[in-house]
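In what follows, a single structure is set out as C-alpha cells and then discussed.
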Amino acid sequence: METVLVTGGRGASGRWVVDRLAGDYEIVVVDYEHPGPDADPAPNVSFRAADLADRGEALDTVAAVDPDAVVHWAAIPVAGTHPDGRVFETNVGAAKNVLDAAGRADARIVQASSDGAYGFFFADPTPFPDELPVTEDHPLRPEDPYGLSKVTAEAAAGAVARREGVPAVSIRPSWIQFPGEYACRSDGYVADLDAGAGNFWSYVDARDVADLVAAALAETGGPEPAVPSGTHEAVNCVAADNALGRPLLDLLREAYGEIPDDCAVDGSALAEGDDRGAYAIAKAERLFGWTPSRSWREAASDEIPEPTLFER
C-alpha cells in the first residue's frame, strides 16, 4: 500500500480528504499540533506534528516519511482573519517547503489552491470574468494576500514538477460546504444577492473535493498518467449548480446590471435558464474522470457526521 503524506489533514476540509484516502493508502497526517500520545488513530492513519513554515522541519518531516505522494492541504484558509503579511508568508513558505520536500522524495503532488486565485472574491469592486464559464485558462489577478499566496503556490508546484520530474496538480475549490451545514443556504445568504456575488454563488461539497483529490492521486500514477511526470495542471473543483438554484445569467444581470460585451459566453456550456455554477469543470472530468455528485438540494440536509480521525 502506498504512503500519502497529508498536510492540514485535521482541518475542516482536510479531515474529509484523509477519510476518503485512508481506505486506499497509508496516511500520515502532518499538522502544527499532534493529537497526543493517548489518541487512537483511525485505520491506516498516523500523525506527526511540524511547523511547515519552518523549512528545516518541513524537509525533515517529509524525508522521514518518504511518501509516494504528498497532498498539501495546510494553509491559513481565508483573507481577513490574520494580518495580510502573515497570510501570504505562512501560506507561501509552507507550500514552498512542502513542495520542495515532495519533489526531493520523488513524490506525486496534489495541493489545495482556490478559486480565490482568480482574484474575484476579495477585489473591490468584484471584477467581471473575461469568460463564462470561467476556465482554468482565465487570467489570475488576485489583489488579496490569500489569493496571491495560492497563485504563488501553484507557480511553486510547477517549478518543482519541472525541476524534479514529478507530476503536480493544484485543485481550485470554490467555497467548501459540509453535509448538513451548508452556509451557502443560510437565510441571510439566500436573501442577500450580494452575499455570494464575489464568487458568483459557487460552492462545492467537501466530499466532492475529497473525491477529486483521490482521483488526481490515482491518475497521476500508473503507466499512462493523466498528468505526466514533470508537468503541473490546475483544475477547478466546483459544484455543477449554483447555490441559489437560479439561472446564472439572470443572477449576474441582476447583481451587476448586465453581461459586458467583452465577456465571452460559451453558449454550448452556459445557456439561458441554466442554473449551473460560474466555473467550468470539464477539465477535471477530462483528466481525472471527476464530476461533482452533490448538490445543495440534498446535501444541505444530509445527516452525515464529520470524519473522526482518532479517538481518545
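Since the structure is predicted, the reported quantities are computational estimates derived from the model, not experimental observations.
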| request: Assess whether salt bridge (Lys or Arg N to Asp or Glu O under 4.0 Å) is satisfied between D130 and R141, documenting all intermediate values. | output: CA-CA 11 Å; D130 295 359; R141 305 180 180 120; 2.8 Å; yes
| task | Decide yes or no on salt bridge (Lys or Arg N to Asp or Glu O under 4.0 Å) for R207 and D205, but give the supporting numbers first. | result | CA-CA 5 Å; R207 294 165 293 179; D205 191 284; 2.9 Å; yes
| request: Apply salt bridge (Lys or Arg N to Asp or Glu O under 4.0 Å) to the pair D66 and R104, showing each step before the final yes or no. | output: CA-CA 9 Å; D66 191 25; R104 294 179 185 184; over 6 Å; no
| request: Please report the C-alpha distance between Y146 and H82 in whole Å, then the side-chain angles of each, then the deciding distance to 0.1 Å, and finally whether the ring pair (Phe, Tyr, Trp, His ring centres under 6.0 Å) criterion is met. | output: CA-CA 10 Å; Y146 175 74; H82 298 79; over 10 Å; no
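When the ring-ring contact (aromatic ring centres under 6.0 Å, His included) test is applied to W175, the partners found at least two apart in sequence or on another chain are Y189.
Summarising the geometry, atom CG belonging to L270 is positioned 11.5 Å from atom CD belonging to E131; distances are rounded to the nearest 0.5 Å.
Between the side chains of D208 and S293, at least one donor N or O sits under 3.5 Å from an acceptor N or O. Of the N and O atoms on the side chains of T3 and E26, not one donor lies less than 3.5 Å from an acceptor on the other residue. No hydrogens or angles considered: a donor-acceptor pair under 3.5 Å links the side chains of Q111 and S170. Under the 3.5 Å distance criterion, with hydrogens and angles disregarded, no donor-acceptor pair is assigned to the side chains of T135 and D137. Defined by atom type and a distance below 3.5 Å, a donor-acceptor pair is missing between the side-chain atoms of E57 and T61. For the residue pair Y279/R172, the side-chain donor-acceptor check at 3.5 Å is not satisfied. Remark: the Y203 side chain and the D241 side chain contain an N/O donor-acceptor pair separated by less than 3.5 Å.
The backbone N or O of W73 lies less than 3.5 Å from a partner atom in the side chain of T7, making a donor-acceptor pair. Without hydrogens or angle criteria, E233 side chain to A168 main chain gives no donor-acceptor distance under 3.5 Å.
Between D115 and N199, the closest side-chain pair of non-hydrogen atoms falls below 4.5 Å. Annotation: side chain of V45 is in contact with side chain of V18 (closest heavy-atom distance under 4.5 Å).
A salt bridge links E2 with R108: the closest approach of a Lys/Arg side-chain nitrogen to an acidic carboxylate oxygen falls below 4.0 angstrom. For E254 and R246, the salt-bridge test passes: some basic side-chain N is under 4.0 Å from an acidic carboxylate O. R294 and D302 are not joined by a salt bridge, as no carboxylate oxygen comes within less than 4.0 angstrom of a charged side-chain nitrogen. With respect to D100 and R163, a salt bridge is recorded, a charged nitrogen being found less than 4.0 Å from a carboxylate O.
Considering H72, K150, E154 as possible partners of S113, the one that fulfils the side chain to side chain donor-acceptor pair (under 3.5 Å) test is E154. When each of N91, V92, T90 is checked for a side-chain contact (heavy atoms from CB on, under 4.5 Å) with F88, only V92 meets the rule.
Under the 4.5 Å side-chain heavy-atom criterion for grouping Ile, Leu, Val, Met, Phe, Trp and Tyr, V70 is not connected to V110 through any hydrophobic cluster. Placement of L251 and L249 within a single hydrophobic cluster is found when ILVMFWY residues are connected by side-chain heavy-atom separations under 4.5 Å, directly or transitively.
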